[in-house]
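Here it is, the structure in full.
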Amino acid sequence: MQMSLSPPDATLTVRLILNGEPVTLEVPPQAILLDVLRDQLHLGGTKKGCDHGQCGACTVHVDGRAVNACLRLAAMCEGQAITTIEGLAEKGQLHPVQEAFLVHDAYQCGYCSPGQIMSAVALLEDPEAATDDAAVRDAMSGNLCRCGAYRNIQAAIADARRHLESNAQQQGRQP
Amino acid sequence: MKPFAFSRADSLETAVEYRQAEPNSAFVAGGTTLLDLTKLDVMRPSRVIDINALPLEGIERLGDDRLRIGALVTNAELARHPAVREDYPLLARAILAGASTQVRNMATTAGNIMQRTRCPYFRDVAAACNKRQPGSGCDAIGGINRMHAVLGGSEACVAVHPSDMCVALAAIGTTLTLHGPQGEREIDFADFHRLPGTTPHLEHMLGDDELIVAITLDPPLRPLGTAYLKLRDRASYEFALASAGAMLSLDDGMIGEARLALGGVATRPWRCHEAEALLVGRRAEEAAFTQAADAALAEAQPLSHNAFKVVLARQAIVRALRDAREGHP
Amino acid sequence: MSEINDPAIVGHQTPRIDGEDKLTGRATYTTDWQVTGMLHGYPVPATIAHGTLEALELDEARAMPGVVDILHHRHFPELQRSPNSMKHGDQVSEVRLPFEDERIYYHGQYIALVVAETFDQARAAALCVRARYRREHDVRPGLLSGDAEGETVDDYSRGDPDIAFASAPVIHDATYTIAPESHVPLEPHVTLAEWHGSEPRLIVHESTQGIFYERNALARIFDLPAERVEVISHYIGSGFGNKLFMWPHAVATAAAARLLGRPVKTVLPRQQDMMSTGQRPASRQRIRLAADPDGRLMAIHHDSTSETSLVDRHVDACGGATPSAYACDNVATRQRLLAVNHGTPCPMRAPGEVSGIFALESAIDELALELDMDPLALRLRNYADHDPQRDLPWSSKQLDVCLKGAAERFGWAARDPRIGAMRKGDEIIGYGMASATWFAGRQPCEARVEIRADGSLLAACGTQDIGTGTYTIVAQAVAELTGVPVASIDVRLGETSLPAGPLSGGSMTTATALPAVAAATRDALDALQEIAVGPGGHFAGHDRASLEVKEGALVAKGQRAGFAEILARHRLGSVSGKGSAAPGGERRQYSFRSFGAHFVEVRWDPGISRLRVARVVSSIDVGRAVNPLAARNQVEGAIAMGIGMGLLERLEYDPRDARLINANLADYRVPVHADMPDVDVELLDYPDFRFNEFGARGIGEIGLTGIAPAIANAVHHATGKRVRDLPITIETLLDSPLIMT
């Protein structure tokens with residue numbers, strides 16, 4: 001097989017599913033997913049706090065798993081489904097986790113909130129994740145909140161879990 | 001982060017050919033080390049070769065009761081795999097003690113083995129660092145070295161190998177399968193990471209045109225008591241100050257087999273063979289655990305800021321061995 | 001002054017009105033702003049801390065893709081310094097202009113600003129800038145790396161402490177240190193600057209706690225009338241003091257935008273943010289206490305030194321709270337300042353006092369042990385029931401209620417005071433407590449309120465919401481006075497085109513802004529009433545004084561007319577009211593301070609040297625909490641930050657060359673979710689109407705004071721080791737009496 005090495009300045013075409021919609025991107029090879037989301041796609045909800053995977057403000061879902069968008073090349077996302085905070089609320093209705101954050105005042109400045117929420121949603125959707133408080137705290141520890149709203153975030157996650165479980169039960173009862 | 005080219009490898013052969021064609025290229029799987037260090041200008045690949053499309057997924061039990069794990073299996077997948085949780089709980093616990101949920105979702109098995117040190121002088125291109133720039137000196141030895149190694153260091157380098165997962169791999173016994181131009185070869189994990197010596201920039205035995213394609217765990221110990229204890233400043237999402245992975249098989253309170261490895265204190269994943277030898281045949285009690293800890297740290301050479309790591313590592317060993325005993329069925 | 005005695009909305013838990021925007025990603029922080037034609041700036045930091053920049057090699061960087069220009073000391077416009085006056089509202093964090101000279105004063109000082117078409121291109125080119133320095137070896141390392149004391153900048157005394165010490169039967173004398181700490185607000189510092197028109201106007205988006213200070217300083221620096229500079233900051237990814245006053249990146253960015261004729265946005269990378277935009281400076285404090293055998297304090301000496309940089313003077317006044325903390329006739333404090341080769345420090349949450357209270361409240365605990373007294377009883381014995389510093393009554397002081405109430409909820413009475421006596425499994429339990437306090441201040445403020453044709457209201461004030469919930473409390477205040485639901489009140493903050501509002505700092509925003517908002521609301525209602533009683537009005541011929549305001553309507557004698565109906569009848573789009581408020585004569589009659597108490601339980605596992613904070617019980621009195629939901633959150637967040645201060649946080653400067661080596665969020669450790677203990681925070685409700693009509697003092701800072709000493713005191717109880725140096729890291733405990741090695 002003949003190898004063809006693309007030059008460094010070649011733009012790459014990347015096709016992905018972004019918040020449920022197919023998107024085709026033209027990006028430079030070194031483009032970071034976080035910068036592409038924010039600067040190119042104007043999705044500013046995903047925040048940059050450290051740019052090195054140390055704060056979690058950039059957490060998005062790639063094929064349903066929470067990842068740091070700052071440590072991922074856009075070019076690596078070919079064919080993947082990416083969900084950002086903007087894709088969470090459906091038809092203007094807050095996601096139960098967002099609703100719980102509002103009720104529990106699970107934030108102060110709000111800058112880490114999209115990342116906290118994306119991590120919390122992934123955690124709650126993970127059927128194998130442990131559910132005790134200590135496990136939740138550990139699982140969420142990749143999301144720093146310098147304002148320190150940790151207690152309220154944990155309360156919001158517990159509340160959202162109850163809400164989602166009762167929703168699931170109700171749906172289960174329906175024929 | 002300086003511009004680089006990007007290629008997707010669709011077969012092992014192409015991956016190797018890309019590397020051979022461009023020696024300054026780098027493979028990317030999870031990206032958690034490469035992109036972090038590229039942004040800091042510590043790594044400067046001319047081309048990044050995405051190997052995520054290679055068929056290196058999957059976890060399978062081999063006929064000889066060993067477990068083969070594809071290089072691209074993520075840390076998160078590996079920690080939750082039933083065979084790992086059941087037969088290699090030390091591995092699952094070590095992985096889950098490391099990094100964050102997000103990083104574990106991205107980082108791969110081979111990437112974890114290949115991760116670079118967290119030494120702040122290595123990560124700062126303006127500092128002297130023999131690992132980053134051979135011959136430039138080591139700013140850590142006379143500098144702030146609280147986080148550095150007390151075992152396996154040299155006058156050239158005292159940087160810690162930061163992995164938790166590798167502590168478990170060292171204790172369990174692991175074989176790496178490498179792929180290169182001549183096809184596959186195997187290497188014992190114990191021989192893979194190099195001591196810094198006078199050449200700290202040479203970190204492992206992987207050839208320039210090779211990549212790790214799988215790791216294979218030795219057959220599990222049964223019955224098994226196991227513990228991974230990680231000591232650190234904050235309660236989560238931090239590299240170890242000292243960690244200990246311990247596995248014990250017991251027979252009526254007597255130690256049959258013992259495995260012990262350390263993290264956070266050494267320049268490479270650190271198996272404690274002498275301590276293990278001291279444990280075998282002894283009653284699983286504090287006296288034996290303490291002697292094992294003494295043996296494990298006998299060669300420790302603390303630096304100006306990290307003498308406490310020797311104490312901490314001893315404590316981690318004693319407690320991990322006790323917890324392994326308590327956890328024995 | 002009217003008092004809002006039985007409020008329906010103020011004082012009640014209210015979800016934030018800006019919450020949905022924050023939680024859906026719609027809220028536009030400064031980092032999120034984009035404008036057409038925008039360029040990206042990326043600073044190049046000095047890699048040495050002390051010396052001279054001899055040469056910059058820029059050819060490689062200039063040739064990189066997308067690079068538009070590189071600003072540096074030989075390519076930068078002539079600008080003026082800001083007068084740097086707090087009083088005149090043009091204070092800056094670092095008075096030296098960027099690239100002003102070739103001296104390097106600290107690691108991370110900007111030596112160039114690369115401007116390129118994209119962020120990625122700017123960063124790539126910045127990495128290609130080569131600098132040649134002449135290093136100088138007489139570097140001044142941090143305060144805690146040596147024993148230099150610096151120059152005295154302030155002192156205070158009453159009575160004669162030295163005479164008291166000479167005769168005192170019990171003396172405690174010890175020295176306490178605190179490592180430098182970084183604020184690390186999760187939104188880094190960021191400036192987006194654009195120039196418009198031939199008679200130029202400068203518009204700056206900045207993540208700032210003080211839009212008017214930045215506007216005034218930029219006007220001075222660029223020699224513009226203040227009205228031609230606009231600063232905008234709608235959402236701020238927190239600040240903690242880090243963003244009170246402008247830093248040089250903003251000046252460099254505005255200069256680049258003018259030079260290049262295009263908007264420029266500079267987002268500081270985290271590493272540079274931690275190197276060059278301030279920190280809580282290191283401090284060393286000596287506390288000497290003299291007491292009689294019954295524990296009555298006879299004298300207090302509090303001598304402090306804090307660091308500053310070589311380019312500006314920031315004084316972290318550690319002894320600020322000491323003169324009023326205890327009933328004691330003989331008190332002296334002294335503040336020294338030492339200039340070092342670190343970046344310029346700045347206020348960080350409860351600046352000065354939080355450091356001083358660590359030393360003082362640790363020392364009081366030590367004195368209690370020496371006297372064999374309960375530390376809580378010792379504090380009550382020396383209770384200051386008036387302000388001994390100013391010899392004035394407190395407007396309202398409930399510290400005794402806080403101390404006793406929190407002790408009760410915590411279970412302090414069950415404490416076995418013997419060291420290491422309380423155990424559970426492998427762990428030893430330690431109890432500790434400390435008092436909290438923070439001054440209550442107010443500033444002048446203006447506001448505007450509009451009543452609009454659709455019945456909604458708009459309240460506008462040029463202050464900021466840094467995450468404390470200012471948007472929401474402004475809406476609550478307007479809702480309280482108009483009966484219009486919070487959901488129908490728009491609040492605009494964070495623009496210098498709005499009526500002048502205060503800094504978001506010093507825990508003063510609530511007490512400063514709400515009275516002005518209330519005055520503006522009343523003025524708007526007055527305008528509406530004037531129309532309603534006028535010709536053709538709903539209440540034509542009524543006495544205006546007979547009109548009541550109820551649920552968004554004017555009501556008199558069984559007749560009711562909604563705000564919207566009144567405006568509609570007169571074909572009016574809106575009526576508007578202005579208000580202003582300022583502190584008055586009450587300052588001469590009372591001393592205003594908030595107080596609280598923290599009780600902390602630590603768990604110490606001596607077998608593995610593991611120390612964790614397990615539980616915190618706090619009672620805080622800030623008068624009335626306007627929004628207890630957000631107020632309690634402030635205290636809980638301060639507890640988290642206090643755990644960082646107590647156990648984790650330390651900027652590490654290499655003493656050999658003063659370079660900062662842990663300028664990132666992995667090596668500089670802030671608390672994570674897993675570090676958060678169980679917390680139980682009670683907010684007392686004693687409205688302080690002597691302070692303002694809402695009875696509210698501030699809550700942003702008090703919660704941080706007292707946490708670190710309560711932890712240190714608990715650590716002593718658990719381990720027998722008295723740690724006087726923050727943070728209390730593992731290695732400081734390894735020689736504790738109970739360690740098992």
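All values reported here derive from a predicted model rather than from experimental measurement. Below, chain A is the first sequence line, B the second, and so on; all start at residue 1. Hydrogens, waters and symmetry mates play no part in the numbers below; they use all other heavy atoms, side chains included.
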Q: Check whether any side-chain heavy atom of B/Phe4 sits under 4.5 Å from a side-chain heavy atom of B/Ser46, and report yes or no.
A: no

Q) Non-hydrogen atoms of chain B under 4.5 Å away: do they reach the side chain of A/Ile32, the backbone, both or neither? A) side chain

(Q) At a heavy-atom distance under 4.5 Å, which candidate from B/Met106, B/Arg234, B/Arg104 has the highest pair count against chain A? (A) B/Met106

**Q.** Under 3.5 Å: donor-acceptor pair, side chain of A/His61, backbone of A/Met118
**A.** yes

Q) Is there side-chain contact between B/Val125 and B/Leu40, with at least one heavy-atom pair below 4.5 Å? A) no

Q. If you tally heavy-atom pairs under 4.5 Å against chain B, which of A/Asp138, A/Asn143, A/Val67, A/Leu123 wins?
A.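 Most heavy-atom pairs within the cutoff with chain B belong to A/Val67.
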
Q.
Using only atom types and a distance under 3.5 Å, with no angle test, would you say the side chain of B/Asn75 pairs donor to acceptor with the backbone of B/Thr108?
A. yes

Q.
Quick check on B/Asn105 against chain A: is it the side chain, the backbone, both or neither that has a heavy atom closer than 4.5 Å?
A. both

Q.
Applying side chain to side chain donor-acceptor pair (under 3.5 Å) to B/Ser236 and A/Arg137, what does each step give before you reach the verdict?
A. CA-CA 9 Å; B/Ser236 187; A/Arg137 289 180 196 197; over 6 Å; no

Q: Output the option from A/Ala129, A/Gly53, A/Ala75 having the highest count of non-hydrogen pairs under 4.5 Å with chain B.
A: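 The option with the most such pairs is A/Ala75.
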
Q.
Can you tell me which portion of B/Val48 sits under 4.5 Å from chain A's heavy atoms? Options are side chain, backbone, both or neither.
A.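 Just its side chain gets close to chain A.
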
**Q.** Part of B/Asp36 lying under 4.5 Å from any heavy atom of chain A
**A.** both

Q) Considering only heavy atoms, which portion of B/Thr74 lies under 4.5 Å from any heavy atom of chain A: side chain, backbone, both, or neither? A) side chain

Q: Let me know if B/Leu96 has heavy atoms under 4.5 Å from chain A in its side chain, its backbone, both or neither.
A: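 Answer is backbone: N, CA, C or O of B/Leu96 sit under 4.5 Å from chain A.
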
Q: Against chain B, label A/Asp63 side chain, backbone, both or neither, depending on which of its atoms sit under 4.5 Å from a heavy atom there.
A: neither

(Q) Taking side chain as everything from C-beta outward and backbone as N, CA, C, O, which of these in B/Ala29 sits under 4.5 Å from a heavy atom of chain A? Side chain, backbone, both or neither. (A) backbone

Q. Heavy-atom distance under 4.5 Å between the side chains of A/Asp133 and A/Gln154, does that happen here?
A. no

(Q) A/Gln80 vs A/Cys77, test: side chain to side chain contact (heavy atoms under 4.5 Å, CB included). Steps then yes/no. (A) CA-CA 5 Å; A/Gln80 294 185 320; A/Cys77 298; 3.8 Å; yes

Q: Go through the steps to decide whether B/Gln102 and A/Thr59 satisfy the test side chain to side chain donor-acceptor pair (under 3.5 Å), and finish with yes or no.
A: CA-CA 8 Å; B/Gln102 294 96 313; A/Thr59 304; 2.9 Å; yes

